[in-house]
Amino acid sequence: MNSLKRAWLSVIRKPGKNFLLFFIVTLLTTLMAASLAIRIASNNVTAEMQNRIGLQVSIAPERTELAYGMVGQHIPYSELKKVVSYKGVKSFNYGISYTFQMYKPEQRHMVLVEGTQNPDITHYWPNSKVIAGRTFTEKELAEGAYVMVVSKQMADLYNVEVGDNFPLGRKYSMYFDPFEEWFDMEVIGIVDGPEVTRSNLFEGEFIDYMTYYFSETQRDWDRFPIAIAPNIVIDTQIINTKLNYRLVGINLRQNVRMRIPILEMESFEAVTEMRKLYGKKLPMPFKFNFADDQILAVLGPIGTLNMIAEAVMVFTMIIAVFVCSLIILLYLKERRHEIGIYFALGEKKRNIVLQVVMEVWIVSVLAMTLSVFAGTWIAKGFSSELIRLQLLMAEVQKGKDDIINDNIPSKEEVVQAYTVKMSNEYILLFTGLAMFTVTASTIVPIVNILKLKPKEILL
Amino acid sequence: MKLLDIKDVFFTYPDGDSVRTILDHVNVTFEKGHFYAIVGSSGSGKTTFLTLIAGLDSAKEGSILFKDKDIAEIGLWEYRRNHVGMVFQSYNLIPYMTGLENVLVAMGISGKLHKKREAYELLESIGIAKSKADRNVRRLSGGEQQRIAIARAMANQPDIIVADEPTGNLDGETEDTIIGLFKQLAQDKDKCVIVVTHSEKVAKHADYILRLHATKGTFVIEDNR
């Protein structure tokens with residue numbers, strides 16, 4: 001009969017004596033399981049919210065500054081270059097929703113321009129691929145060459161091929177001071193994948209002088225995605241901001257939005273690093289708008305709950321080691337004779353240790369099986385109510401007018417995303433932590449056993 | 001045949017500020033196929049001597065040779081595992097196991113015998129039937145428990161069996177049976193049986209009686225054959 005069989009017999013033949021250990025381990029590991037379930041749920045919701053907002057940093061003028069008519073300023077390209085050259089910047093993008101008119105005025109199609117620094121087109125058009133030509137070279141991106149990659153739909157509509165020069169323009173017709181600009185772009189690639197979106201925004205929120213002009217002829221607009229090297233957007237912004245200056249107070253938000261550079265960061269560490277490096281170095285009135293600020297605002301209550309859960313878990317683990325050690329010590333004190341017999345029979349010490357550890361493990365595994373369910377159940381009931389209460393009490397600030405703010409989840413979305421469930425990650429982590437705790441609790445009793453002398457026990 | 005050679009063994013206990021000599025340069029030889037009884041007054045050092053030859057403790061001076069090799073060299077744990085079987089006054093069986101399981105534990109530790117059949121045969125040979133072997137040891141009489149303890153001592157097929165007051169908790173009739181078993185082990189199985197006892201009745205049956213002098217810490221050996 002080996003030590004494992006002895007351990008098994010010891011557990012099943014003495015259920016009464018093992019019950020105390022079972023009860024205590026169940027109680028404490030249930031607390032651990034509940035804390036862990038809360039922690040995992042909190043981390044999951046945080047990760048989900050982070051993914052939703054993305055690792056974005058935008059450079060936007062302060063809202064208050066805009067209100068005082070300082071919109072005419074834009075961030076100098078030299079300053080921007082310093083920022084985007086930081087290694088933590090994965091890519092950056094200027095041209096969100098930047099609209100240009102096509103060459104055929106009678107059709108008046110619009111294009112959605114992605115001014116980009118990233119040669120990988122899937123970065124902004126997921127699941128798309130180049131079907132003719134190529135994407136940008138590093139040199140083109142760096143120099144801001146007048147080249148563009150167009151969507152297949154646009155290429156088909158205008159019968160454009162790779163190598164063609166295609167004029168891309170923007171034309172404003174105001175009550176006064178009409179304005180028009182055109183760029184002669186070379187088509188370097190055609191991409192299949194990006195979707196053409198239909199918009200009738202001129203009937204809706206985007207009401208300004210331009211609306212007046214466009215709405216005379218057509219209300220629904222197809223937006224054909226194209227990508228261009230970034231400097232062109234910067235150039236046009238200079239002109240555009242002059243225009244915006246006159247539009248202040250009419251549709252500030254929409255126009256400002258056009259020229260906010262969005263930086264996609266490699267990681268949250270990079271965001272933190274950027275905050276340190278460039279946080280206060282941008283010229284007025286431009287400021288960084290960090291995504292993690294927004295995340296913190298929304299996830300503050302989740303973070304508090306996470307901290308409480310972590311504290312409870314660590315505290316429980318310490319208590320569990322202490323209490324279980326005492327119980328096992330008492331338990332082994334009653335079995336001194338048995339251990340003395342093993343010594344007298346010449347049993348190896350490691351086998352005696354293995355037997356004790358196995359006995360504790362068998363009882364603990366039974367207790368943990370119960371705890372994993374009980375912990376989840378408690379965590380579900382406890383945390384969802386607490387999180388709801390905390391979110392109700394928290395006020396989420398959305399002070400800045402920025403695209404990042406548009407992505408911030410609501411309290412209801414956070415509550416909805418917060419789900420305690422019995423995932424593999426939870427079961428594995430709980431098992432690891434609980435087993436570590438109960439194994440740690442056998443150390444003192446085992447050291448105590450190994451100090452025993454068979455002569456003193458048996459004779 | 002010389003099996004165990006006790007050479008110049010010296011052992012002391014601390015006694016307050018002084019030191020009390022228990023065994024003063026003892027020299028004894030134990031042979032196979034003989035039954036030895038160690039007698040002496042309380043505190044004379046009988047049990048101490050037993051712990052030394054059982055490998056439960058080490059002498060302060062001198063050596064104990066098993067088949068001409070110092071047991072310290074063999075290693076006390078190894079020596080106990082493979083060469084000595086022990087029987088105690090209070091049986092020292094594992095209380096939550098059956099008689100069979102108690103024997104199987106010892107077999108498992110020594111690794112010499114493994115099978116249930118072998119354990120049953122061993123128990124049968126000392127008068128424990130299968131029906132009793134399968135009972136929890138707490139449900140057996142003192143005599144039966146001591147038989148199981150003897151079977152367990154035999155489980156590693158040792159050359160030496162040491163027993164500390166093995167009949168101390170038994171009635172007269174059972175005592176006779178257990179003495180008979182020890183004699184049988186020595187004569188039929190060629191074991192070296194060394195029993196520490198207060199009982200003159202037990203000593204009377206031994207081949208040799210070793211009388212320990214409490215004050216001198218030495219043995220006087222009587223040939224009882």
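In what follows, chains are A, B, ... by sequence order, proteins preceding strands, each numbered from 1. Here the structure is a predicted model, which means the values were calculated and not measured.
Under a 4.0 Å N-O distance rule, the pair R6(A)/E347(A) qualifies as a salt bridge. Salt-bridge formation is not detected for the pair D5(B)/K67(B): no Lys NZ or Arg NE/NH1/NH2 atom is positioned less than 4.0 Å from an Asp or Glu carboxylate oxygen. Here E144(B) pairs with K132(B) in a salt bridge; the nearest charged N to carboxylate O distance falls below 4.0 Å. With respect to E78(B) and R81(B), a salt bridge is recorded, a charged nitrogen being found less than 4.0 Å from a carboxylate O.
Chain B forms the most heavy-atom pairs under 4.5 Å with one residue out of K14(A), R335(A), K5(A), K453(A), and that residue is K14(A). Taking M97(B), Q89(B), E165(B) one by one and counting their heavy-atom pairs under 4.5 Å with chain A, the maximum is reached by M97(B). Interface check for chain B: of the options L345(A), N351(A), N2(A), the most heavy-atom pairs under 4.5 Å are formed by L345(A).
Proximity to chain B involves both the backbone and the side chain of K348(A), based on heavy atoms less than 4.5 angstrom apart. In this structure, chain A has heavy atoms under 4.5 Å from both the backbone and the side chain of N92(B). In this structure, no portion of S3(A) lies under 4.5 Å from any heavy atom of chain B. Both the backbone and the side chain of L9(A) come within less than 4.5 Å of a heavy atom in chain B. Interface remark: Y96(B) contributes backbone and side-chain atoms alike to the contact with chain A (heavy atom separation under 4.5 Å). At a 4.5 Å heavy-atom cutoff, the contact between L93(B) and chain A is made by backbone atoms alone. Proximity to chain A involves both the backbone and the side chain of E101(B), based on heavy atoms less than 4.5 angstrom apart.
Shown here for T12(B) and K60(B), the closest heavy-atom pair between the two residues is O-CE, 3.4 Å.
E73(B) places no side-chain N or O within donor-acceptor distance of the main-chain N or O of D70(B), the cut-off being under 3.5 Å. Judged purely by atom type and a 3.5 angstrom limit, D15(B) has no side-chain atom pairing as donor or acceptor with the backbone of S18(B).
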